[in-house]
Amino acid sequence: MSTKAIEVASPSSDWSIERSTELYCVASWGAPYFSINAAGNVAVHPREESGLTIDLPAVVAELRRRGVMLPVLVRFQDVLRMQVRRLNEAFANAIAESGYDNVYRGVYPIKVNQLHEVVDEVLDAGREYGLGLECGSKAELVAALANLQDDETLLVCNGVKDHTMLSMMISAQQLGRNVLPVVERYFEHVALKKLAWSKGFMPRLGVRIRLATSGSGRWASSSGHNSKFGLSLPELMRLVDELEASNGLDRLKLLHCHLGSQIADISVLKQATKEVTQIYAELVKRGVGLKYLDVGGGLGVNYDEGQVNAEAGINYSMQEYANAVVFTVKEVCDSQGVAMPILVTESGRAITAHHSVLVVPVLAAQARDQLPVDHQLPEDAHESLKGLEAVLQLVPELVKRRELLEAFHDAKERQEEIGSLFMLGYLSLAERALADQLFWSVCRQLLERFKATSAGAMPLEVGDIEALLTDQYLCDFSVFQSMLDHWAIGQTFPIMPIERLAERPSRRGVLVDLTCDSDGKVSQYISSLPDNSFLPVHAINDLQPYYMGFFLMGAYEDIMGDAHNLFGRVTEAHIYADADEPQNFWIEKIIPGAAVQDMLAQVQYFPNDLQRRMSEIVRAKIQAGTVRPSVGMEILDQYMACFQQSTYCASGGSIDQDVV
Ligand SMILES: *Cc1c(COP(=O)(O)O)cnc(C)c1O
């Protein structure tokens, strides 16, 4: 594999890093962790306060030097720590400012990113703040139980719970751990009661309630009266009555609600907090021994500052979120005259989203390019091609929009005519191909001339021309593995090239992936342009690899991946910032991505069996004399070598570069 120094692109005189910053909206989604440096590269600021910066292309160059195959998911572990700190400091500030009379104890919901290294880093950074965990399934419970710091660390157990899980939670309490099963359905309460009798141990518990307030945005259905989760108020009353009858009011320790992820509007959060705190106050007055009030997750991330896609943005900061929770709870408790609870939130997205960046090589660009200026139409070319050529000759003389529009209509008519002639067999394939090129040349030139015309609304046809001239950039990744939410619920993520940002991105690109699925593409982009169906990109060349950075990938995305076309998990690199290192970072760990054999095993194909089948095929050919034995064995070796390889294209840059 060739490694080469990342050259700094010379800035174009008509472009600047400031313009790229604006174009790709870096300030809205990237602050305080990402910016563009003077060299036109993406810079990472993993520790807000220290002014330490890491050049992202330098990280990629170092990984490639060590033989790491791309795509690679780069995790900035310091960013995780910073987010944990920022969240806890925000609550500490709000508590100090409001005179709130209790503490904040966040829990990290591991479903957002269960990777052991991520959970460890979050817990380690959260130790001084008493950060706990939240789990929502049996596997998560098993992982979380063994990772609690001490007897005080809170583990909130949400999700549907079977007997085994409830029993494990009771056992954990018997061990002295602060594990709280949160009753989400009434039957869990019934099951818990039975288990408690049989074990002779009365467990502490929490309860999740269904609020009238419902969330907003894509995840709104997690809340409201019709939500899949939580007890209704009549069920809550029944549960409390039963606890009271068995002298167990003191066992109900936590009241929980969750509005759904990515709350867009702070007023919805305030409303919900008010509602749940009223319920809390009533229950406390009734003698329930509530200790914790848990307002769930939902703290949002600004993928896109309400630009085009309002759902991708949020209208508040982390501090405003903390203030909203703390001040609202205090206000209600004060007016009801009840003690203030320990505040719990289950913020996952906000803690993890920023820390990882997926770096993906562009393998090839399919451009609808112009003919060279000195091209010659063959003497005997068909009349219709000559007609198209005539339009092309005419374009440079046109100035007015009306004239340009007429030329476009002419060219389009010719192009359609050529299509019909080809169908009827009057034109050769070569002529048809030439006609396409002529047509694209006309379009590209027309577009330039349209753009040069004076202000005012452009004719609709200009949009058609632009769409026609959009390039497809083939990227070495799978939307289904790495960006499932984009495909499933249309979530937009910030994407931009990680270098050459001092250069004008002159092309319109649409990013497509390796899967054989027409949905395997990015269909909406974050940019300051009015049209978000494409991404402004640079022309690629054979000399320099072109890398796309997919940002804010740390929450949910790298854990949900689906093995479409058997593309597996991508390689990961864990990076720590360090001012004593020459390039301000060191690589702590590289986790290889899934190999071909790993993905095959998931669908029940195993190397031994495949090898046996393949060698039977080869052997038969050798016996039949159609393949020489040495060639046959080489083919077999080649086949077997694939099992260890990455599921992605073996390339660090453009496809031509690293052909083995
Ligand atoms: C998913 C989930 C969370 C995490 O929400 P974020 O918006 O990612 O912070 C918290 N609590 C519950 C109950 C969840 O289901």
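For ligands, and for the atoms within them, numbers begin at 1 and follow the listed sequence. Treat the numbers as computed from the prediction; the structure is a model and nothing was measured. Hydrogens, waters and symmetry mates play no part in the numbers below; they use all other heavy atoms, side chains included.
Distance CG/L358 to SG/C475: 9.5 Å, rounded to 0.5 Å. Annotation: the span from E121 atom CD to E588 atom CD amounts to 7.5 Å, rounded to 0.5 Å.
Within the 4.0 Å heavy-atom cutoff, F229 does not count among the residues contacting ligand 1. Ligand 1 lies less than 4.0 angstrom from a heavy atom belonging to S347. The closest approach between a heavy atom of G136 and any atom of ligand 1 is not below 4.0 Å.
Residue-ligand proximity, G348 to ligand 1, at heavy-atom distances under 4.0 Å covers atoms 6 (P), 8 (O), 9 (O). Taking every non-hydrogen atom of E346 and a distance limit under 4.0 Å, the qualifying atoms of ligand 1 come out as 3 (C), 4 (C), 5 (O), 9 (O), 10 (C), 11 (N), 12 (C), 13 (C). Under a 4.0 Å criterion applied to the non-hydrogen atoms of P109, ligand 1 contributes the atoms 4 (C). In the vicinity of N158, heavy-atom distances shorter than 4.0 Å reach the ligand 1 atoms 13 (C). Residue contact check: V112 has heavy atoms under 4.0 Å from atoms 8 (O) of ligand 1. For ligand 1, the atoms lying closer than 4.0 Å to a non-hydrogen atom of E134 are 12 (C), 13 (C).
At a 4.0 Å heavy-atom cut-off, ligand 1 touches H258 through the side chain alone. When heavy-atom distances to ligand 1 are checked against a 4.0 Å cut-off, S261 comes that close through both its backbone and its side chain. Contact annotation for R208 and ligand 1: only side-chain heavy atoms (C-beta onward) come within less than 4.0 Å of the ligand.
Between the side chains of K199 and S167, at least one donor N or O sits under 3.5 Å from an acceptor N or O.
Just one residue in the list F551, Y24, Y303 forms a ring-ring contact (aromatic ring centres under 6.0 Å, His included) with W29, and that residue is F551. For the side chain to side chain donor-acceptor pair (under 3.5 Å) with D78, the lone residue among H45, Q83, R47 that qualifies is R47.
Residue-to-ligand polar distances place Y556 within reach of ligand 1: an N/O pair is separated by less than 3.5 Å. Between R349 and ligand 1, a contact under 3.5 Å exists for at least one N or O pair. For ligand 1, the polar-atom distance check against G298 finds a nitrogen or oxygen pair separated by under 3.5 Å.
Between F91 and Y129, the ring center distance fails the sub-6.0 Å criterion.
Qualifying side-chain contact (heavy atoms from CB on, under 4.5 Å) partners for D101, counting only residues two or more places apart in sequence or in other chains: M340.
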_Run the side-chain hydrogen bond (donor to acceptor under 3.5 Å, both in side chains) test on T213 and K274 for me, step by step, so that the C-alpha distance in whole Å, both residues' side-chain angles and the decisive distance to 0.1 Å come before the verdict._
CA-CA 10 Å; T213 314; K274 206 170 268 179; over 6 Å; no
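Within 6.0 Å of CZ in R85 there are 12 or fewer heavy atoms belonging to other residues, nucleotides or ligands.
Considering only heavy atoms from C-beta on, V118 comes within 4.5 Å of Y108 through its side chain.
Ranking the protein heavy atoms by distance from atom 3 (C) of ligand 1 puts K111 NZ, 3.5 Å first.
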